[in-house]
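Throughout, protein chains are lettered first and strands after them, A, B, ... in sequence-line order, and every chain is numbered starting at 1. Owing to the predicted nature of the structure, the values given are computational and were not obtained by experimental measurement.
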Amino acid sequence: MNGRYRPLVAASFFDRPAETVARELLGSFLVSDCGGKRCVGRIVETEAYPGPHDPASHAAAPIGRTARNDPMFGPPGTAYFHLNFGVHWCLNVVVGPEGYPAAVLIRAVEPLEGLETMRRRRPGRTDRELTSGPAKLTQALAIGPSLQRHRLSDAPLFITPGTKVPKSSVARTTRVGITKGTTKRWRFYDRRSGWVSRSERPR
DNA sequence: GAAACGATTATCT
DNA sequence: GATAATCGTTTCA
């Protein structure tokens, strides 16, 4: 059961350009029942990786389709988990038509429900540090590559409409931590939230 | 505070 | 063999 949260309609919402989905995902709720405890976060920061023309994408044109990026070619509304620096798992939502590699990275959420469980999973952290980064939130929600290609309309990990972020509160910047495609402003966040990862790393 | 840096491993050249 | 869509600790001001 999905409890009191109603799943998004996957096809219509996610089968659109990554930039559009990244902006509109702000304010949605990410619900995880993994590990037997319900944890809910409001999505406050995202990044778009819109296709093969994006040199920063794991599916950039020179790379093509490989074992690692294959989930990005899957149907819209499914999960793509990738490992970063050998240690951190990050969650992406696959968007656009099946067969076309595009995704939205979920960079930060604001804890709404299951705070005690998240604190137990990330001991010694302040509440702000629970979910204010792409690999922090996967730890707090106890999610990872066992959910590779999982449909994000189904338990135990799904996205629901949540509360809409007004246009005036949406900030748009360049993406964080990449070395290619650094001029594109494909990062979106809710400027009212205290859970946004501020790390804009200079190059 | 801000900035530097090491961890740790799959993936691609 | 180099690199990477990060995090957490240490170091310095």
Checking C:dA5, C:dC7, B:dT8 against the side chain of A:Lys136 (C-beta onward), the nearest is C:dC7

Check for a donor-acceptor pair, side chain of A:Glu110 on one end and backbone N or O of A:Arg42 on the other, with a separation under 3.5 Å. no

Does C:dA5 have OP1 or OP2 sitting under 4.0 Å from an N or O in the side chain of A:Arg187? no

Side chain of A:Pro134 only, heavy atoms from C-beta on: which candidate in C:dA5, C:dG8, C:dT6 is closest? C:dT6

Answer yes or no: side-chain N or O of A:His58 and base N or O of C:dA5 forming a donor-acceptor pair under 3.5 Å. yes

A:His82, nearest nucleotide to its side chain (from C:dC7, C:dA5, B:dT8): C:dA5

Quick one: are A:Leu30 and A:Leu157 in side-chain contact, heavy atoms under 4.5 Å? yes

Grab the two heavy atoms, one from A:Leu112 and one from A:Leu115, that are nearest each other, plus how far apart they are. C-CD2, 4.0 Å

Centroid under 5.5 Å and tilt under 30°, A:Phe85 to B:dA7: no

Nearest-angstrom distance from the residue atom CG of A:Leu83 to P of C:dT3: 18 Å

Any heavy-atom pair between the side chains of A:Pro17 and A:Pro50 that's under 4.5 Å? no

Considering every strand and a 4.0 Å limit on heavy-atom distances, what is the contact class for A:Ser57: base, sugar-phosphate, or nothing? nothing

Does C:dA5 have a Watson-Crick or wobble mate here (both distances under 3.5 Å), and if so which one? none

Whole angstrom is fine here: how far is it from CZ in A:Arg68 over to P in C:dA5? 7 Å

Tell me which nucleotide, if any, is Watson-Crick or G-U wobble paired with B:dT8 when both distances must be under 3.5 Å. none

C:dG8, OP1 or OP2 - any side-chain N/O from A:Arg122 closer than 4.0 Å? yes

For a side-chain contact (heavy atoms from CB on, under 4.5 Å) check, start with the C-alpha distance between A:Arg172 and A:Glu19, then their side-chain angles and the critical distance, and finish with the verdict. CA-CA 11 Å; A:Arg172 178 176 180 160; A:Glu19 269 184 89; 2.8 Å; yes

Using whole Å, what does the distance between atom P of nucleotide B:dT11 and atom CG of A:Asp70 come to? 12 Å

Integer-rounded Å distance: C:dA5 C1' and A:Tyr189 OH: 18 Å

Please confirm whether the shortest side-chain N or O distance from A:Arg175 to OP1 or OP2 of C:dT6 is below 4.0 Å. no

Taken to the nearest whole Å, CD/A:Gln139 to C1'/C:dG8 is 10 Å

Of the candidate nucleotides B:dA7, C:dA5, C:dT9, which contains the atom at the shortest distance from the side chain of A:Val87? B:dA7

Looking just at side-chain N and O atoms, do A:Thr78 and A:Arg149 make a donor-acceptor pair shorter than 3.5 Å? no

Whole-Å distance, A:His88 NE2 to B:dA10 C1', equals 14 Å

Using a heavy-atom cut-off of 4.0 Å across all strands, would you classify A:Ala135 as base, sugar-phosphate, or nothing? sugar-phosphate

To the nearest angstrom, how far is A:Leu91 atom CG from C:dC7 atom P? 13 Å

Closer than 4.0 Å, any side-chain N/O of A:Thr179 to the OP1 or OP2 of C:dT3? no

Interatomic distance, A:Asn84 CG vs B:dT8 C1' [rounded to whole Å]: 11 Å

